[in-house]
Asker: 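Once you've had a glance at the structure underneath, I'll fire off some questions.
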Amino acid sequence: MLDSAVAWMNDRGNTEQWGTTPYSQKPGGRERVERYMTRNVPYIAELNGTSVGALVLDSGPSPQMPIAPAEEPERYVRLLISDRHHAGLGIGAALLAHAADETRRAGVALLRVDCWAGGGGALVAFYERNGFTPTDRFLSGAWPGQILARRVV
């Protein structure tokens, strides 16, 4: 799904968000996915037995990002991806709703995510439509990012 997402973005002229190299060929890309699946809490969305989306939750932001942990317990969306062949079916929204439910079940009130803030802010707007509020902006090198938060309790 990550490789096809890179190709999908590139086909639409977006080479800034994830670059042009397939995710599986990026240095450390495969290892990162392995960590997501073994050290974090992954959830896979399926449609008719086919994986069509993935969500990875953690207890805070990636240490590789210039993002401070919250000053309270939190759950953090480390990865949200959906198969672009199934775009428009609400897969990402359903996974975010599940993240909110899991955060609430854990007795945690704060769910956060960071995303690419370029491209006219379309990705930020997606998270806003799903109940998140923009908080801090940041730069990771030249990559513009936005942190968003959602209260779930």
Side-chain angles (χ1 to χ4, degrees), residues 1-26 28-62 64-65 67 70 74-106 108-135 137-138 140 143-153:
M1 271 186 265
L2 293 167
D3 284 353
S4 65
V6 171
W8 181 83
M9 286 184 245
N10 290 180
D11 287 348
R12 283 150 187 77
N14 177 351
T15 59
E16 297 171 351
Q17 184 175 350
W18 284 4
T20 57
T21 303
Y23 200 86
S24 63
Q25 295 176 20
K26 291 181 181 190
R30 289 179 185 266
E31 293 82 5
R32 181 177 294 163
V33 171
E34 178 69 25
R35 279 194 313 274
Y36 282 158
M37 300 309 285
T38 59
R39 295 184 191 165
N40 301 110
V41 182
Y43 299 94
I44 306 297
E46 292 184 348
L47 180 64
N48 300 322
T50 300
S51 298
V52 295
L55 166 79
V56 175
L57 281 180
D58 200 354
S59 60
S62 169
Q64 285 79 38
M65 296 298 281
I67 301 168
E74 69 177 313
R75 290 295 180 267
Y76 206 94
V77 175
R78 287 279 194 99
L79 174 70
L80 177 66
I81 184 90
S82 62
D83 184 334
R84 302 319 304 159
H85 294 101
H86 296 90
L89 298 180
I91 295 163
L95 286 166
L96 287 174
H98 184 72
D101 290 343
E102 289 297 316
T103 301
R104 192 177 303 108
R105 271 194 281 281
V108 175
L110 179 62
L111 176 62
R112 291 196 309 159
V113 64
D114 65 78
C115 70
W116 184 58
L123 191 52
V124 173
F126 164 78
Y127 284 107
E128 288 178 306
R129 286 191 307 275
N130 284 279
F132 288 82
T133 301
T135 59
R137 292 189 67 117
F138 66 94
S140 180
W143 193 87
Q146 176 70 58
I147 302 167
L148 299 101
R150 178 177 173 188
R151 292 277 167 198
V152 299
V153 175

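For clarity, every value in this text was computed on a predicted model and none was experimentally measured. Numbers for residues simply follow the sequence, beginning at 1.
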Asker: Q146 and Y127: side chain to side chain donor-acceptor pair (under 3.5 Å), yes or no, with the steps?
Answerer: CA-CA 10 Å; Q146 176 70 58; Y127 284 107; over 6 Å; no

Asker: With a 3.5 Å distance limit and no angle check, can you tell me whether N130 reaches the backbone of L96 through a side-chain donor-acceptor pair?
Answerer: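 Checked: no pair found.
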
Asker: So do the side chains of R112 and F132 get within less than 4.5 Å of each other, counting heavy atoms only?
Answerer: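 R112 does not reach F132 side chain to side chain.
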
Asker: Side-chain contact, heavy-atom cut-off 4.5 Å: E16 with P144?
Answerer: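 Answer no - side chains too far apart.
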
Asker: For the pair W143 (side chain) and Q17 (backbone), establish whether a donor and an acceptor sit closer than 3.5 Å, ignoring hydrogens and angles.
Answerer: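 It does hold such a pair.
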
Asker: What pair of heavy atoms forms the shortest contact from N10 to G19, and how long is it?
Answerer: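 Closest pair (atom of N10, atom of G19, distance): ND2-O, 3.0 Å.
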
Asker: Kindly give the heavy-atom pair with the smallest separation between G53 and I91, and that separation in Å.
Answerer: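 Nearest heavy atoms, G53 then I91: CA-CG2, 4.0 Å.
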
Asker: Would you say the side chain of I81 lies within less than 4.5 Å of the side chain of L2, judging by non-hydrogen atoms?
Answerer: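 In short, these two side chains touch, coming nearer than 4.5 Å.
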
Asker: Can you tell me how far the CE atom of M9 sits from the OG1 atom of T20, to the nearest 0.5 Å?
Answerer: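 So the gap between those two atoms works out to 11.5 Å.
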
Asker: Between I67 and S62, does the side chain to side chain contact (heavy atoms under 4.5 Å, CB included) criterion hold? Intermediate values first, please.
Answerer: CA-CA 8 Å; I67 301 168; S62 169; over 6 Å; no

Asker: Under the side chain to side chain donor-acceptor pair (under 3.5 Å) criterion, do Y23 and R30 qualify, and how do the steps go?
Answerer: CA-CA 8 Å; Y23 200 86; R30 289 179 185 266; over 6 Å; no

Asker: Mind checking the CG-NE2 spacing from L55 to H98? Nearest 0.5 Å is all I need.
Answerer: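 Reported to 0.5 Å precision, the distance equals 7.0 Å.
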
Asker: Under the side chain to side chain donor-acceptor pair (under 3.5 Å) rule, what do R105 and T103 come out as? Steps first, then yes or no, please.
Answerer: CA-CA 5 Å; R105 271 194 281 281; T103 301; over 6 Å; no

Asker: Nearest 0.5 Å, what's the CG-OG1 distance between D114 and T135?
Answerer: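 The OG1 atom of T135 is 9.5 Å from CG of D114, to the nearest 0.5 Å.
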
Asker: Which heavy atom of A54 sits nearest a heavy atom of I44, and at what distance?
Answerer: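 Here A54 and I44 meet closest at CB-CD1, 3.8 Å.
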
Asker: How close do L110 and A149 get, counting heavy atoms only, and between which atoms?
Answerer: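 For L110 and A149, the tightest heavy-atom pair comes out as CD1-CB, 3.8 Å.
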
Asker: Can you find a heavy atom in the side chain of L47 that is under 4.5 Å from one in the side chain of H86?
Answerer: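 Yes, side chains in contact.
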
Asker: Would you give the length of the straight line joining atom CE of M1 to atom NE2 of H85, rounded to the nearest 0.5 angstrom?
Answerer: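 Going from CE on M1 over to NE2 on H85, the span is 12.0 Å.
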
Asker: Looking at G60 and E74, what are the two nearest heavy atoms and their distance?
Answerer: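 Of all heavy-atom pairs spanning G60 and E74, the closest is CA-OE2, 4.0 Å.
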
Asker: Would you say that more than 12 heavy atoms from the other residues, nucleotides or ligands in this model lie under 6.0 Å from the CZ of R104, or not?
Answerer: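 Check passes, neighbour count above 12.
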
Asker: In sequence, state the C-alpha distance, the side-chain angles, and the governing distance for E128 and L148, and then conclude on side chain to side chain contact (heavy atoms under 4.5 Å, CB included).
Answerer: CA-CA 8 Å; E128 288 178 306; L148 299 101; 4.2 Å; yes

Asker: Step by step, would you call V153 with V108 a side chain to side chain contact (heavy atoms under 4.5 Å, CB included)?
Answerer: CA-CA 7 Å; V153 175; V108 175; over 6 Å; no

Asker: Identify the heavy atoms of R137 and A117 that sit nearest to each other, and give their distance.
Answerer: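 So the two residues come closest at NH2-CB, 3.3 Å.
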
Asker: About how many Å separate CZ of R78 and OG of S59, when rounded to the nearest 0.5 Å?
Answerer: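 Going from the OG atom of S59 to the CZ atom of R78 covers 7.5 Å.
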
Asker: Determine, step by step, whether L57 and Y76 satisfy the side chain to side chain contact (heavy atoms under 4.5 Å, CB included) criterion, reporting the C-alpha distance in whole Å, the side-chain angles of both residues, the deciding distance to 0.1 Å, and the verdict.
Answerer: CA-CA 5 Å; L57 281 180; Y76 206 94; over 6 Å; no

Asker: Counting C-beta onward and ignoring hydrogens, is there a side-chain heavy-atom pair between V124 and W116 closer than 4.5 Å?
Answerer: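 In short, these two side chains do not touch, never coming nearer than 4.5 Å.
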
Asker: For residues 143-152, which residue pairs qualify under salt bridge (Lys or Arg N to Asp or Glu O under 4.0 Å), counting only residues two or more places apart or in two chains?
Answerer: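 Found E72-R151.
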
Asker: Give, for atom CG of D3 and atom OG1 of T21, the distance between the pair rounded to the nearest 0.5 Å.
Answerer: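 It is 10.0 Å, given to the nearest 0.5 Å.
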
